[in-house]
Amino acid sequence: QVQLVESGGGLVQPGGSLRLFCAASGSIASINAMGWYRQAPGKQREMVATITRGGSTNYADSVKGRFTISRDNAKNTVYLQMNSLKPEDTAVYYCNAHVLADQAVFRWRDYWGKGTLVTVSS
């Protein structure tokens with residue numbers, strides 16, 4: 001099966017930086033878009049940043065200028081560089097990928113990681 005595993009979360013001071021990693025593995029034929037989503041306490045899950053295979057990016061207004069999403073297509077990995085972190089960035093961050101995978105039959109499907117916790121606190 002396809003698995004997405006996030007890493008890099010942790011505790012950081014306001015104004016600090018953190019880099020998140022997500023690696024996709026399994027019977028993957030292709031990955032189209034990848035992205036990072038987060039769910040903060042008491043809030044709905046929201047899109048943070050997405051990136052297409054061609055490198056086109058999209059960011060939530062709340063993180064523009066502070067976060068940078070990137071990917072390595074050869075390694076099926078996506079990254080999120082988070083700078084100037086704020087307490088309101090505290091959330092569980094989830095990796096998402098739109099994957100063509102061999103699961104009995106080849107088909108496109110969204111896959112999600114289990115999340116990595118980012119806590120921004122002084």
Side-chain angles (χ1 to χ4, degrees):
Q1 291 189 5
V2 175
Q3 291 185 321
L4 272 60
V5 179
E6 305 99 333
S7 63
L11 175 64
V12 64
Q13 297 265 59
S17 297
L18 216 55
R19 186 169 173 85
L20 304 184
F21 305 79
C22 175
S25 62
S27 301
I28 298 170
S30 184
I31 300 179
N32 192 356
M34 302 185 81
W36 289 95
Y37 296 72
R38 69 185 181 188
Q39 187 164 19
K43 294 186 176 181
Q44 302 273 22
R45 185 175 298 189
E46 65 175 347
M47 186 274 290
V48 177
T50 60
I51 184 167
T52 67
R53 283 192 61 85
S56 296
T57 58
N58 188 35
Y59 297 91
D61 288 342
S62 59
V63 307
K64 285 182 179 178
R66 299 188 298 120
F67 291 10
T68 302
I69 189 171
S70 60
R71 65 188 288 174
D72 185 334
N73 291 335
K75 296 180 179 179
N76 289 333
T77 57
V78 63
Y79 312 90
L80 186 68
Q81 179 65 46
M82 304 184 293
N83 298 325
S84 302
L85 283 161
K86 304 174 181 180
E88 50 263 45
D89 294 319
T90 296
V92 176
Y93 284 71
Y94 298 91
C95 179
N96 170 263
H98 194 56
V99 179
L100 178 64
D102 181 12
Q103 307 240 135
V105 63
F106 281 101
R107 68 182 190 274
W108 287 97
R109 177 181 171 181
D110 278 324
Y111 289 86
W112 293 87
K114 294 182 178 180
T116 185
L117 177 63
V118 172
T119 302
V120 185
S121 177
S122 58

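Taken from CD1 in I51 to CZ in R53, the straight-line distance is 11.0 Å, to the nearest 0.5 Å. The OG1 atom of T57 sits 8.0 Å away from atom CD1 of I69, with the distance rounded to the nearest 0.5 Å. Considering CD1 of I28 and CG of N76, their distance stands at 4.5 Å, rounded to 0.5 Å. With rounding to the nearest 0.5 angstrom, the CD atom of Q39 is 9.5 Å from the CD atom of E46. To the nearest 0.5 Å, the span separating CG on L18 from CG on L80 amounts to 9.0 Å. With values rounded to the nearest 0.5 angstrom, D102 atom CG is found 11.5 Å from Q1 atom CD.
Ion pairing between a basic and an acidic side chain is recognised when a charged N comes within 4.0 Å of a carboxylate O; K86 and D89 show no such pairing.
When side chains are defined from C-beta on, V120 does not count as touching M82, because their heavy atoms never get closer than 4.5 Å. Inter-residue side-chain proximity for C22 and Y94 is flagged as unmet; no heavy-atom pair is nearer than 4.5 Å. At a threshold of 4.5 Å between non-hydrogen side-chain atoms, the residues S121 and T90 do not count as touching. At least one side-chain heavy atom of V63 sits under 4.5 Å from a side-chain heavy atom of R38.
Side-chain N or O atoms of Q81 include none that pairs as donor or acceptor with a backbone N or O of T68 at under 3.5 Å. Panel note: side chain Q103, backbone V2; a donor-acceptor pair is recorded below 3.5 Å. Judged purely by atom type and a 3.5 angstrom limit, E6 uses its side chain to pair as donor or acceptor with the backbone of G115.
Each of Y93, W36, Y79 was compared with F21 under the ring pair (Phe, Tyr, Trp, His ring centres under 6.0 Å) criterion, and only Y79 meets it.
V12 and V48 fall within a single hydrophobic cluster, where Ile, Leu, Val, Met, Phe, Trp and Tyr are joined by side-chain heavy atoms under 4.5 Å apart, directly or via other members. Grouping the Ile, Leu, Val, Met, Phe, Trp and Tyr side chains by contacts below 4.5 angstrom, directly or via other members, places F67 apart from L11. Placement of V99 and Y37 in two distinct hydrophobic clusters is found when ILVMFWY residues are connected by side-chain heavy-atom separations under 4.5 Å, directly or transitively.
A pairwise comparison of heavy atoms in S122 and P14 identifies N-CD, 3.6 Å as the closest pair. Scanning both residues, R19 and S70, for their nearest heavy atoms gives NH2-OG, 4.1 Å. Across all non-hydrogen atoms, the minimal contact from R66 to L85 is NH1-CA, 3.9 Å. In terms of heavy atoms, S17 sits closest to S84 at OG-N, 4.3 Å. The shortest non-hydrogen separation linking V78 to C95 is CG1-SG, 3.6 Å. Shown here for I31 and A24, the closest heavy-atom pair between the two residues is CD1-CB, 3.9 Å.
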Run the side chain to side chain contact (heavy atoms under 4.5 Å, CB included) test on S27 and F106 for me, step by step, so that the C-alpha distance in whole Å, both residues' side-chain angles and the decisive distance to 0.1 Å come before the verdict. CA-CA 9 Å; S27 301; F106 281 101; over 6 Å; no

